[in-house]
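For reference, the structure is listed below as structure tokens.
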Number of protein chains: 2
Amino acid sequence: MIDARLITLRVFARCGTIGATAELTGYSPSAVSAQLRELQRVLGMQLLTKDGRGVRLTATGRFLVAGSDALIAQWESLRAVAMEAGDQVQPRLGLGGFSSAAAQLLAPLAATLRSTRPQLEVQVLEADPARCFDLLVAERIDLAVIVAMQSDTYGEDDPRFEQRVLLDDPLDVIVPADHPLASRETATLEELASEPWITEAAGSTYHSLFTAAFTAVGLTPRIAHEAVEWETHIAFVGAGLGIGLLPRLAPLHGAENVVRLRITGKARPTRRIVVAARRGSLASPLIQESIDILQANANRILTARLEEDL
Amino acid sequence: MIDARLITLRVFARCGTIGATAELTGYSPSAVSAQLRELQRVLGMQLLTKDGRGVRLTATGRFLVAGSDALIAQWESLRAVAMEAGDQVQPRLGLGGFSSAAAQLLAPLAATLRSTRPQLEVQVLEADPARCFDLLVAERIDLAVIVAMQSDTYGEDDPRFEQRVLLDDPLDVIVPADHPLASRETATLEELASEPWITEAAGSTYHSLFTAAFTAVGLTPRIAHEAVEWETHIAFVGAGLGIGLLPRLAPLHGAENVVRLRITGKARPTRRIVVAARRGSLASPLIQESIDILQANANRILTARLEEDL
DNA sequence: TCGATCATGCACTAATTCTGCAGGGTTATC
DNA sequence: GATAACCCTGCAGAATTAGTGCATGATCGA
């Protein structure tokens, strides 16, 4: 209901280049360029200035984008409450999430919604957390399941989003099957500190989790290799290159030469998985129901783990 | 920036029929029909139901319209503040007002703006107060100069509008040139109560002013004739059909056979002339400047009258 | 200086949106 | 109870708008 061009401007405000905005919104770069030019014409405001080979928001543009947060939230809220009041049906729902979330939480959600609301068009996009926020702003998705980041660009009080905790997913350690600890069920970080480690690149979410966990016990382990996908981590570990952390939600896919151990002791790294939505949209019955389903699935996973641990 | 279809829905909420909405917004009836159908499709809400030969808002529709007041106001405010912050220029300004206001206040304003902001496209629409509010909602105009109505559909606290008093325009009495009182400068309502009167139709603004003024002094004069335009009032009076009220702002146009007298005494009917804008838009520099010019013109008129009265 | 990166303008095309008219249903009038 | 008046809607066609893909120009880093 808010002009698509304003949404485009908001996406641009986040990624800074026309090209990235185009990729994120699904338009071509020329379309984005034309939209923003048109927006400036209609509003009679100069929102962009040339900056090197790119463009940059003017002060007015930044102001407008900042102020539009409340506008978007108000619209989302209005729509949501109207939906609830009128018992109406939303025609489309976009979901986003990173790989293991997409597999373990979003897929069941989509399946449930498919059966309970057959005429609802559900679209699931696998995307990393940062991109999920971008997609939320771009209105490509309505819900995102992400790993909460402690001090990232998106605080919990961001005026654009609202978040709900789904579950705390502990990180296990994976070791080669022929590793001395492989026969154990559990291990402590202290026991593992001297091993060669495989992590994600510095600056990534899991690297931060990794270092935070070890600094909590006063250790700084050696990072031997870096990988992005869990599949790669597992392969590296299986090849004996080192050991690594693996979230409980991430499956081993029956890798024969790798063993997963629970981490015990003082420091137990976990990742917090939350669901995020555009601020104001939580009142929508469809959003609410989806979050409830996600929450139920998360709880099912948690209780299954508890039973498993007994 | 707010979707045009929502604006259309808001206009429909005011006038109740597709045809009137079309006339007010400048679309054809089929376009309005299609827009509202499309709006319902996009939102997944049923906003309208058939009602006899027309259509009617559903509860959801009314809810959405009511809630959109705040949304529109917020957008207007955001745009206005961004305009002010960025020293930008609005490309278009729409002005509306009833006949004498259009002539005496809007025309000078438009002329001033033409010279101070040559590239601004100014459009003036003459329309009665009720229609002015409709046009404000339809975003055809941005400012309306109207007669404040004591207990009309638009209270001063309407969430859609904001109003500023421009001036209180006293009502004079006009009598035929051969009337016994024609040589006088002033008259009281008591002196005039027994005359045959010419007013607007019952229910109109001026009829209300008329009866309110006389009931204040405990009299109920006889209404002999009814007229809509001031021109007609003057012609009726000139023809000796009776006497009538005429706002100070409304010119006699050199009617030779009619004399204008000031009303003195306890009850002096006046009409309050105010300028109205969509709520939130007052912060816009252009709107603000326009109101200032209107106010200055109003004051000029008032001081000119004071000098004239000396 | 060369290549890479970005944005923008242009010609063309696709999609949307509007108009005018015809048609069907509903209310008021005689 | 026929008739007229009124109101909305659907459809074909037209006009406007919006998007794509490529070419161009401008800037930055190597």
Side-chain angles (χ1 to χ4, degrees), chain A residues 1-58 60-62 65 91-92 121 131 134-135 138-140, chain B residues 1-58 60-62 65 91-92 121 134 138-140:
Chain A
M1 205 42 36
I2 309 290
D3 194 301
R5 294 167 294 191
L6 184 60
I7 306 299
T8 303
L9 182 73
R10 287 167 57 80
V11 176
F12 173 83
R14 292 201 24 69
C15 49
T17 81
I18 301 278
T21 307
E23 192 279 327
L24 219 52
T25 52
Y27 291 116
S28 67
S30 355
V32 171
S33 180
Q35 277 194 8
L36 296 180
R37 181 154 24 95
E38 186 62 11
L39 183 65
Q40 297 181 87
R41 197 191 61 76
V42 168
L43 295 181
M45 300 179 190
Q46 192 181 345
L47 303 171
L48 303 170
T49 35
K50 283 184 180 289
D51 180 34
R53 57 187 157 184
V55 289
R56 179 171 44 85
L57 281 181
T58 63
T60 309
R62 281 193 299 276
V65 168
R92 209 194 83 89
E121 183 197 332
R131 187 174 164 83
D134 290 345
L135 290 169
E139 308 202 346
R140 293 274 296 278
Chain B
M1 206 44 31
I2 310 292
D3 194 300
R5 293 167 295 192
L6 184 59
I7 305 297
T8 302
L9 182 73
R10 288 167 57 79
V11 176
F12 174 83
R14 290 201 24 67
C15 51
T17 81
I18 301 274
T21 307
E23 193 277 328
L24 219 50
T25 52
Y27 292 115
S28 68
S30 356
V32 171
S33 180
Q35 276 194 11
L36 296 180
R37 182 156 22 97
E38 186 61 12
L39 183 65
Q40 297 181 85
R41 197 192 60 77
V42 168
L43 294 181
M45 302 180 188
Q46 191 180 348
L47 303 171
L48 303 170
T49 34
K50 284 185 181 288
D51 179 36
R53 57 185 159 184
V55 288
R56 180 171 43 85
L57 281 180
T58 63
T60 310
R62 279 193 301 277
V65 168
R92 209 195 83 90
E121 183 197 330
D134 290 344
E139 305 199 349
R140 294 272 298 277

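The model shown is predicted, which means the values in this text are computed figures rather than measured ones. Per chain, numbering begins at 1; letters A, B, ... match sequence-line order.
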- Taking only residues two or more places apart in sequence, or in another chain, which ones meet A:Arg37 in a side-chain hydrogen bond (donor to acceptor under 3.5 Å, both in side chains)? none

- Of all residues at least two apart in sequence or in a different chain, which pass the salt bridge (charged side-chain N to carboxylate O under 4.0 Å, His left out) check with B:Arg5? B:Asp3

- Taking C-beta and beyond as the side chain, do A:Leu57 and A:Thr49 meet within less than 4.5 Å on heavy atoms? no

- Using a 4.0 Å heavy-atom cut-off across all strands, classify B:Glu38 as base, sugar-phosphate, or nothing. nothing

- Kindly write out the residues that satisfy side-chain hydrogen bond (donor to acceptor under 3.5 Å, both in side chains) with A:Glu121, not counting sequence neighbours, or none if the list is empty. none

- Message: Please enumerate all residues that pass side-chain hydrogen bond (donor to acceptor under 3.5 Å, both in side chains) together with B:Thr21, with sequence neighbours excluded.
- Response: none

- Sorted by number, residues from residues 2-12 of chain A placing a heavy atom under 4.0 Å from DNA chain D are none

- Note on the structure: d(A:Leu48 CG, A:Lys50 NZ) to nearest 0.5 Å is 10.5 Å

- Task: Could I get the full list of side-chain hydrogen bond (donor to acceptor under 3.5 Å, both in side chains) partners for A:Arg10, not counting sequence neighbours?
- Result: A:Ser68, A:Asp69

- Message: With the threshold set at under 4.0 Å for non-hydrogen atoms, list the residues of residues 15-34 of chain A touching DNA chain D in residue-number order.
- Response: A:Gly26, A:Tyr27, A:Ser28, A:Ser30, A:Ala31

- Paired runs of 3 or more consecutive Watson-Crick or G-U pairs involving DNA chain C, with both pairing distances under 3.5 Å, are C:1-30 with D:1-30

- Task: Starting at atom CD of A:Gln35, determine the distance to atom P of C:dT8, rounded to an integer number of angstrom.
- Result: 13 Å

- Message: Testing the basics here: between A:Thr25 and A:Ala138, what is the closest heavy-atom pair and its distance to 0.1 Å?
- Response: CG2-CB, 4.3 Å

- If you walk 5' to 3' along DNA chain D, what is the first nucleotide with an atom under 4.0 Å of a heavy atom in chain A, and what is the last? D:dG19 to D:dC28

- Query: Which atom names give the shortest non-hydrogen contact between A:Gly44 and B:Pro91, and what distance separates them?
  - Reply: CA-CD, 4.1 Å

Quick one: which protein N/O atoms are closer than 3.5 Å to N/O atoms of nucleotides 26-30 of chain C? Pair and distance per line, please.
none

- Under 4.0 Å from any atom of DNA chain D, heavy atoms only: list the residues of residues 40-48 of chain B that qualify, in numerical order. none

- Query: Do B:Val42 and B:Glu38 come within less than 4.5 Å of each other through their side chains, counting heavy atoms only?
  - Reply: yes

- Distance only, no hydrogens: is a donor on one side chain within 3.5 Å (strictly under) of an acceptor on the other, for B:Thr58 and B:Gln46? no

- Task: Quick one: pull up CZ in A:Arg140 and CG in A:Leu24 and give me the separation to the nearest 0.5 Å.
- Result: 7.0 Å

- Task: Starting at CZ of B:Phe12, measure out to OG of B:Ser33 and round the result to the nearest 0.5 Å.
- Result: 10.0 Å

- Item | Contacts of type salt bridge (charged side-chain N to carboxylate O under 4.0 Å, His left out), residue A:Arg62, not counting sequence neighbours | none

- Is any side-chain N or O of A:Arg37 closer than 4.0 Å to OP1 or OP2 of C:dG9? yes

- Message: For A:Glu23 and A:Arg131: C-alpha separation, side-chain torsions, deciding distance, then whether salt bridge (Lys or Arg N to Asp or Glu O under 4.0 Å) applies.
- Response: CA-CA 11 Å; A:Glu23 192 279 327; A:Arg131 187 174 164 83; 2.9 Å; yes

- Task: With rounding to the nearest 0.5 Å, note down the distance linking CG in A:Leu39 to CE in B:Met1.
- Result: 5.0 Å

- Calculate, to the nearest 0.5 Å, the distance between atoms CZ and CG belonging to B:Arg56 and B:Leu47 respectively. 13.0 Å

- B:Leu36 versus B:Ile18: any side-chain heavy-atom pair under 4.5 Å? yes

